[in-house]
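For the single chain, residues carry numbers from 1 onward in sequence order. Note: hydrogens, waters and symmetry copies are ignored here, and every other heavy atom, side chains too, is used.
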Amino acid sequence: MARKIDKELLLAWRKHCEAVQTATDFRPLETLEEKRKRIRHLLGDYAAFVRYYFPHYTWDADRERHVASAPFHVKAAKKILRECNLKAAWIWHRAGAKSVNLGIMTPMWLMAQSWLPETHTREINVMVLVGKSEESAKTLLGDLQAELQYNQRYIEDFGVQYNQGSWEDGNFVTAQGVAFFARGRGQSPRGLRYRNNRPDYVLMDDLDDDELVLNPNRVDKMTRWVKEALFGALDGGRGRFMMVGNLIGKHSILSCFAESGTVHVSRVNVYDAKGNISWADKWTHEEIQAMEAFMGYRAFQREMMNNPITDGAIFRRDWIRWTKALPLHKYEDIVLYIDPSFKSTSANDYKAAMMWGRTGTSLHKLRAFLRQCTVLELVRWCYDLYEETRAKGAAVKFYIEANFMQDLLLDEFRVEGDIRGYQLPITGDKRKKPDKAQRIEQVSPLWERGVVYYALDQQEDPDMQRSIEQTLAFERGSRVHDDGPDADEGAIYKLQGASRSARYAPLFGGGSSKDRMTY
């Protein structure tokens, strides 16, 4: 016997149904011809369909306006409508309306297509919603049933929908004979059908969780279940077989499914490759930046950028040591190394400037600048730091990669210098640098052996915390930002001078001995 939903969840569902009915109760005064013209337009325009039939989902109370569907919502819906036999992985960031669009709005858009006289077949006969548990799947099914049973605009245009069954029991049927089922991850789908129809729209929603992705054996087992038992519920592979979620682990059910042959993959991060917000009608850059500031670098990368990061792959958290910084004039040498990412076209790259001091055999990280910002903001920070350290009697050596020198000095740095009445004394780093990942890896023993310390008075500084997060997140071959660790390596290289504490031998070309560098 199916387990019943608890009373609080049932009460919440009934309140949701009331909200759906209230929000969709208004319907336009129109002639029959106007109504037909409107419906035909909505069936051909997914964004307009969503805006008309789901005002309770699109309304933004804080801004008192409706939020338009994102371009990736529309693109996905069109592809699903166009291809009745489709295997797809929709890898979208958190809060990207994955479940609502692909589990409610798109199915209802497909179902409504049968209203068109030229449509000869139904797009959906049996839909299966699969969640990480049976309860979560039933909750998803409940949201869909609420729309089909209480959405007055949809009912007005396409007739009474609900017939019998309930999401509480994990299944219901519409008046037109379309069946809906809920199943939990790993639950047997064998024999799943309604009358003579087998499932033809299967949506797996957020099957991964934090615990599962830490166990490769469980991931592999669930992936086999998806490809064997669940996929076998379709009629010989016919139908739409889709998974939606965001990447919370490098080895996950979603990643394994997406890597399968013939699977269409839609990957949407909160920022696109050019630094634009993927759902610009919903969020501003300031809101996304505030979100990242609260979540932290690694959590933001995983949840909003589909970039799961392994903590401590190269650098370990217990290697982060704090100490009270010396007065600046007592350090034997102080270096600020700047990595402006000036020539990058991606607005979400980080601009970095790291200040390090050397005292004896210890290296102290004294200040950090690591932000997604304009070059001008970085330039002003560097000038302010120069004036601050000069006032404290410290002589800081400023370095920047030589290939940035000419453009920067002719532009932002020179303009700011003209305003302040002097030019910042920056030296170009002309070193022929080996592979970035190799350079960063090779300084990690300094952290491990307790040579590196962080200034205690900077413990709460957001830039310093962000730089630590990037350091801990660094891993060869990953897509994490490494602007902070890269600038750290540059500063350490300059501080260490001729007495290097570690050695590596990167190879260039044929790898002759003259190309080997000592570190």
**Q** Testing the basics here: between S278 and P71, what is the closest heavy-atom pair and its distance to 0.1 Å?
**A** O-CD, 3.9 Å
**Q** Are there over 12 heavy-atom neighbours, none belonging to R390, within less than 6.0 Å of that residue's CZ?
**A** no
**Q** Please check this pair: side chain of R267 against backbone of N306, looking for a donor-acceptor N/O pair closer than 3.5 Å.
**A**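 A pair under 3.5 Å: yes.
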**Q** Distance to the ring centre below 6.0 angstrom and angle to the axis at most 45 degrees; does that hold for K494 and Y399?
**A** yes
**Q** Compute whether any side-chain donor of one residue and acceptor of the other, for S467 and K365, lie under 3.5 angstrom apart.
**A** yes
**Q** Keeping R94 on the side-chain end and M305 on the backbone end, is there a donor-acceptor pair under 3.5 Å?
**A** no
**Q** Without hydrogens or angle criteria, can the side chains of W356 and D488 be said to hold a donor-acceptor pair below 3.5 Å?
**A**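 Indeed, the side chains of W356 and D488 share at least one donor-acceptor pair under 3.5 Å.
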**Q** Locate the shortest heavy-atom distance separating Q470 from P485; write the atom from each residue and the value.
**A**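 For Q470 versus P485, the nearest heavy atoms are OE1-CD, 3.5 Å.
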**Q** If every non-hydrogen atom of A394 is compared with every non-hydrogen atom of L328, which pair is closest and at what distance?
**A** CB-CB, 3.6 Å
**Q** Has the side chain of D208 got a donor or acceptor atom that lies under 3.5 Å from a matching backbone atom of L254?
**A** yes
**Q** Taking only Lys NZ, Arg NE, NH1 and NH2, and the carboxylate oxygens of Asp or Glu, determine whether K436 and E401 approach each other closer than 4.0 Å.
**A**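 Answer for the salt bridge query: no.
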**Q** Taking NZ, NE, NH1 and NH2 as the nitrogens, is one of them in D209 or R185 under 4.0 Å from a carboxylate oxygen of the other?
**A**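 Yes, D209 and R185 are salt-bridged.
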**Q** Has T106 got a side-chain atom pairing as donor or acceptor with N101's backbone, closer than 3.5 angstrom?
**A**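 Yes, because the side chain of T106 sits within donor-acceptor range (under 3.5 Å) of the backbone of N101.
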**Q** Which heavy-atom pair separates D281 from R63 by the least distance, and what is that distance?
**A**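 D281 and R63 have their closest heavy atoms at O-NH1, 3.7 Å.
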**Q** D60 side chain to V67 main-chain N or O, any donor-acceptor pair under 3.5 Å?
**A** no
**Q** Compare all side-chain heavy atoms of K324 with those of Y453 and state whether any distance is below 4.5 angstrom.
**A**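 K324 does not reach Y453 side chain to side chain.
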**Q** For K351 and C373, indicate whether the former's side chain and the latter's backbone hold a donor-acceptor pair under 3.5 Å.
**A**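 Yes.
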**Q** Walk me through it: do R380 and E416 pass the test salt bridge (Lys or Arg N to Asp or Glu O under 4.0 Å)?
**A** CA-CA 7 Å; R380 287 174 176 170; E416 185 67 19; 3.7 Å; yes
**Q** Answer yes or no: is there a donor N or O on one side and an acceptor on the other, between the side chain of Y337 and the main chain of A352, under 3.5 Å?
**A**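 No, Y337 side chain to A352 backbone: no donor-acceptor pair under 3.5 Å.
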**Q** For the pair K397 and D333, find out whether any cationic side-chain nitrogen is under 4.0 Å from an anionic carboxylate oxygen.
**A** yes
**Q** Parallel under 30°, tilted from 30 to 60°, perpendicular over 60°: which one fits the rings of H66 and W59?
**A**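 Perpendicular, since the angle between the ring planes exceeds 60°.
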**Q** Tell me whether S133 contacts the main-chain N or O of S136 through its side chain, where contact means a donor paired with an acceptor under 3.5 Å.
**A**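 At least one qualifying donor-acceptor pair exists.
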**Q** Any salt bridge between E469 and R317, counting N to O under 4.0 Å?
**A** yes
**Q** Could you label the plane-to-plane angle of the H93 and F72 rings as parallel, tilted or perpendicular, counting under 30° as parallel and over 60° as perpendicular?
**A**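 Because their plane-to-plane angle is over 60°, the rings of H93 and F72 count as perpendicular.
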**Q** Can you confirm whether the side chains of K227 and S260 place a donor and an acceptor under 3.5 Å from each other?
**A** yes
**Q** Would you mind reporting whether L212 and V219 have side-chain heavy atoms less than 4.5 Å apart?
**A** yes
**Q** Before accepting this row, confirm whether a basic side-chain N of the pair K132/D206 lies closer than 4.0 Å to the acidic partner's carboxylate O.
**A**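 Salt bridge: no.
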**Q** Below 4.0 angstrom, N of the basic side chain to O of the carboxylate: do K138 and D143 qualify?
**A** no
**Q** The test is side-chain hydrogen bond (donor to acceptor under 3.5 Å, both in side chains); show your working for E387 and Y422 and say whether it passes.
**A** CA-CA 11 Å; E387 294 172 1; Y422 67 93; 2.7 Å; yes
**Q** May I ask you to decide if D272's main-chain N or O and N269's side chain share a donor-acceptor pair within less than 3.5 Å?
**A** no
**Q** So, for T389 and M355, which heavy atoms are closest and what is the spacing to 0.1 Å?
**A** CG2-SD, 4.2 Å
**Q** From L336 CG over to I400 CD1, what is the distance, rounded to the nearest 0.5 angstrom?
**A**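 Reported to 0.5 Å precision, the distance equals 9.5 Å.
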**Q** Do E303 and N246 pass the side-chain hydrogen bond (donor to acceptor under 3.5 Å, both in side chains) test, and can you show the C-alpha distance, the side-chain angles, and the key distance before you say yes or no?
**A** CA-CA 7 Å; E303 303 293 343; N246 64 303; 3.2 Å; yes
**Q** Any salt bridge linking E83 with K78? Criterion: basic side-chain nitrogen under 4.0 Å from a carboxylate oxygen.
**A** no
**Q** Taking the six-membered ring of Y350 as reference, does the cationic atom of R371 (NZ for Lys, CZ for Arg) lie under 6.0 Å from its centre and within 45° of its axis?
**A** no
**Q** Are D318 and R316 close enough for a salt bridge, meaning some N to O gap below 4.0 Å?
**A** yes
**Q** I'd like to check V396 versus Y386 (side-chain heavy atoms, cut-off strictly below 4.5 Å). Are they in contact?
**A** no
**Q** Verify, without hydrogens or angle tests, whether Q458 (side chain) and M464 (backbone) share a donor-acceptor contact under 3.5 angstrom.
**A** no
**Q** Start with the C-alpha distance between D461 and R367, add both sets of side-chain angles, then the distance that settles salt bridge (Lys or Arg N to Asp or Glu O under 4.0 Å), and finish with yes or no.
**A** CA-CA 9 Å; D461 179 69; R367 294 287 292 274; over 6 Å; no
**Q** Looking at D210 and R302, is any side-chain nitrogen of the basic one under 4.0 Å from a carboxylate oxygen of the acidic one?
**A** yes
**Q** Is the number of heavy atoms from other residues, nucleotides or ligands within 6.0 Å of CD (E332) greater than 12?
**A** yes
**Q** Could you pull out the closest heavy-atom pair between L366 and A325, with the gap in Å?
**A**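 Smallest interatomic distance, heavy atoms only, reads CD2-CB, 4.0 Å.
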**Q** Using the ring-ring contact (aromatic ring centres under 6.0 Å, His included) definition, which of the options Y57, W279, W90, Y46 pairs with H73?
**A** W279
**Q** Less than 4.0 angstrom from a charged side-chain N to a carboxylate O is my criterion; do K282 and E287 meet it?
**A**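 Answer for the salt bridge query: no.
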**Q** Below 4.5 Å, heavy atoms only, C-beta onward: do S255 and L247 meet side chain to side chain?
**A** yes
**Q** State the SG-CD distance between C382 and E377, to the nearest 0.5 angstrom.
**A**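 Reported to 0.5 Å precision, the distance equals 11.0 Å.
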**Q** Going by heavy atoms in the side chains, are L446 and Q496 under 4.5 Å from each other?
**A** yes
**Q** How about H364 and Y331: does a side-chain donor come under 3.5 Å of a side-chain acceptor?
**A**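 Short answer, yes.
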**Q** Within a strict 4.5 Å, meaning less than it, do heavy atoms of the L203 and V130 side chains meet?
**A** no
